[in-house]
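Beneath this line is the structure, given in structure tokens, with notes to follow.
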Amino acid sequence: MAEMNLQALPCTSQLPKCFTKMESYNSFVAHVKEKLKRTNNYIKFDDDEIPSEENLQVTTAHSFIERWRVRFSEFSREQLIVLAVLSYVYFSTYVSEEMLSTFFSAEVMQHGGNQFYIGLIFGVYPLTNCLLCPLFTYLLKRVSCRTMLIGGFATFSLSSLIISQIGGITSPEMFLLSCIILRILQASGSAATHVASVFLVSRMWKTKLIFAFGMAEFFTGAAMIIGPLLGAWLYQIGGFAFPFYGSCSFAAIGFIMCFYMLEPSSNEITWGNFLQLLRIPNVTVTVIFMCFVYASGDLLNAELQVHMMSINASPITIGAMFLISASSYLLVVIIVGFCAQTRFAERMAMICGGILIAISYLLIGPSPIFIPLGWTAPTVTSVAVSMLILGVGLGAGLVPNYNDINRSVLNYGMEDNETTDSLVGALFNSAAFLGEFLGPILGGSMMTKVENFQTVSSLFAAIIASVVSVTAVCYLVAGRMRMNQQ
């Protein structure tokens, strides 16, 4: 094949500089394949899909780059269905959780519980999810994703329906025990749906993972907005049972969606241990970062109400603070999902998100470091600004997590197959739910010992800042090593 000069191509200035250094068509194609493989955007070309030299000569670099951009028309029906399922899993499970925040704590107190039992009932849900995600990952070898999703939604719907009927129990012990058992059952359904949906997306959206999880986090943000409002409204019109009827209905819709929209399929998975992924330094760093970011999102669920009592904030005002955080989160996940298309951009988003989270916890107290400035007490405005910053930080810090773990695993040398996808999914889900469990536990423990939210928020800001600093250094070292290897 004759040599060709890429500098002579139309619009070659739009190509990366590394492309313009190539001297032949064959080298150009090989280089593109290798570049895409290293950036986790590798697509297996059939021979008839590789553009001919003649076509390449008349095709502008702009059209070549355009084919990699996110356009829904490029995706297959199966891909869009899987993305819809993942988005609905995130939405339905999180909206069900957020509905409890408006009434469930008071109901537990009325049935003879205390702060310990409230924390236990809320905490057992993410803890069960964390423990069961690896188990359901192993079951993917024998159970199809469609079956696991249908079973998970059915379990969640049934357990929600049963919980709706325990409001009339008069014995405190029986009520609390029933809540704990049924919350564990709910969590098992949630774990099944998360494992199966994440595995499907990792398999079918291999080249657009950051976009797919950005969409999922978008619906999480929508659930954070809708959940408290819907829960308060249902509780007002129907009492204890109605919010759980809502949860039951959301899960039933997911059951019907998966039953009719997903095709039966088998999973080619071999046994593996997801803990082996933690031997990869970059994976361990990202998982630790994930846990603390998720913890920062859940710590305030239990503590913000008590903190704002000092300024006589009404329940509506407190709810508005969470609405501000959820709204900013919703906006940022869309931006990150579309814009963070390289590893550098993903990790920059994560680090910047962590910094913003630390700043938000300094402001929400406010921290004692602001005493020299004469700022010693919180105000509605200061809390609102801090919650806005927190939402932005969470959105930037969480969206790239799965793709970063997946890239690190593949760069380490593990095969790009369904077994690896299942292990990465198990680790990702377990880390997320572990963080959601640690947030309230860590916040409650510090409040018990310190009994001052301003000090607690400052300590947590210092913890987040330390984690972000270590993460940034590790990413920088890993990047330097990768550049030296190339």
Side-chain angles (χ1 to χ4, degrees), residues 40 79 81-90 93-94 126 128-153 187-217 219-220 258 262 265-280 282-284 286-287 289-291 294 346 398-412 414-436:
N40 199 33
Q79 283 181 299
I81 289 175
V82 167
L83 182 61
V85 168
L86 176 73
S87 300
Y88 190 78
V89 166
Y90 273 59
T93 53
Y94 278 96
T128 303
N129 270 284
C130 175
L131 297 176
L132 288 183
C133 281
L135 175 61
F136 284 122
T137 299
Y138 286 124
L139 292 179
L140 281 175
K141 180 177 176 63
R142 303 184 181 277
V143 180
S144 70
C145 291
R146 178 177 180 269
T147 302
M148 187 172 290
L149 280 163
I150 291 173
F153 276 122
S188 64
S190 170
T193 57
H194 275 81
V195 166
S197 60
V198 167
F199 175 75
L200 280 175
V201 166
S202 65
R203 186 173 64 182
M204 299 193 67
W205 285 80
K206 180 65 68 176
T207 63
K208 296 293 182 183
L209 284 175
I210 189 71
F211 169 73
F213 280 94
M215 291 296 294
E217 293 295 342
F219 282 94
T220 300
C258 295
L262 291 179
S265 61
S266 59
N267 305 320
E268 298 177 2
I269 300 175
T270 58
W271 297 113
N273 182 4
F274 86 100
L275 293 177
Q276 68 181 334
L277 302 184
L278 295 177
R279 299 174 184 173
I280 304 173
N282 279 340
V283 173
T284 303
T286 301
V287 166
F289 176 85
M290 267 186 68
C291 287
Y294 272 99
E346 292 171 8
L398 292 179
V399 172
N401 293 160
Y402 184 93
N403 203 38
D404 187 81
I405 294 174
N406 192 61
R407 287 178 190 263
S408 299
V409 167
L410 297 180
N411 289 340
Y412 189 74
M414 295 188 67
E415 295 184 10
D416 187 4
N417 54 29
E418 293 189 356
T419 299
T420 301
D421 291 339
S422 66
L423 295 177
V424 172
L427 182 61
F428 172 79
N429 285 313
S430 294
F433 285 115
L434 179 60
E436 292 180 4

Could you state the interatomic distance from [atom1] ([X]) to [atom2] ([Y]), rounded to the nearest 0.5 Å?
X	Y	atom1	atom2	result
L398	M290	CG	CE	7.5 Å
T220	F213	OG1	CZ	10.5 Å
Y138	L423	OH	CG	7.0 Å
H194	F433	NE2	CZ	4.0 Å
L200	S144	CG	OG	9.0 Å
N406	N401	CG	CG	12.5 Å

State, to 0.1 Å, how close [X] and [Y] come at their nearest heavy-atom pair, and which atoms those are.
X	Y	answer
S430	P134	OG-CD, 3.3 Å
G425	V198	CA-CG1, 3.9 Å
C145	F199	SG-CD2, 3.2 Å
V195	C133	CG2-O, 3.6 Å
S188	T128	N-CG2, 4.5 Å
R146	C258	NE-O, 3.7 Å

(request) Could you walk me through whether N129 and N429 pass the side-chain contact (heavy atoms from CB on, under 4.5 Å) test, one step at a time? (result) CA-CA 8 Å; N129 270 284; N429 285 313; over 6 Å; no
(request) Begin from the C-alpha positions of Y402 and F428 and carry the test ring-ring contact (aromatic ring centres under 6.0 Å, His included) through to its verdict. (result) CA-CA 6 Å; Y402 184 93; F428 172 79; 5.3 Å; yes
(message) Between T193 and S190 (side chain of the first, backbone of the second, donor and acceptor by atom type, cut-off under 3.5 Å), is there such a pair?
(response) yes
(message) If we ignore hydrogens and angles and just use 3.5 Å, is the side chain of S87 paired with the main-chain N or O of A84 as donor and acceptor?
(response)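 Looks like no, no N/O pair under 3.5 Å.
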(request) Any chance you could lay out the side-chain contact (heavy atoms from CB on, under 4.5 Å) test for V424 and L277, step after step, and finish with the verdict? (result) CA-CA 8 Å; V424 172; L277 302 184; 4.1 Å; yes
(message) Is the shortest side-chain heavy-atom distance between L83 and Q79 below 4.5 Å?
(response)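 No, every pair of side-chain atoms sits at 4.5 Å or beyond.
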(message) As a quick check of understanding, evaluate side-chain contact (heavy atoms from CB on, under 4.5 Å) for L149 and V89, giving each step before the final call.
(response) CA-CA 9 Å; L149 280 163; V89 166; 4.1 Å; yes
(request) May I have the step-by-step check of side-chain contact (heavy atoms from CB on, under 4.5 Å) for L86 and Y90, ending in yes or no? (result) CA-CA 6 Å; L86 176 73; Y90 273 59; 3.5 Å; yes
(request) Please say which of I280, D404, N403 ends up in a side chain to side chain contact (heavy atoms under 4.5 Å, CB included) with T286. (result)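 Testing T286 for a side chain to side chain contact (heavy atoms under 4.5 Å, CB included) against I280, D404, N403 leaves exactly one candidate, D404.
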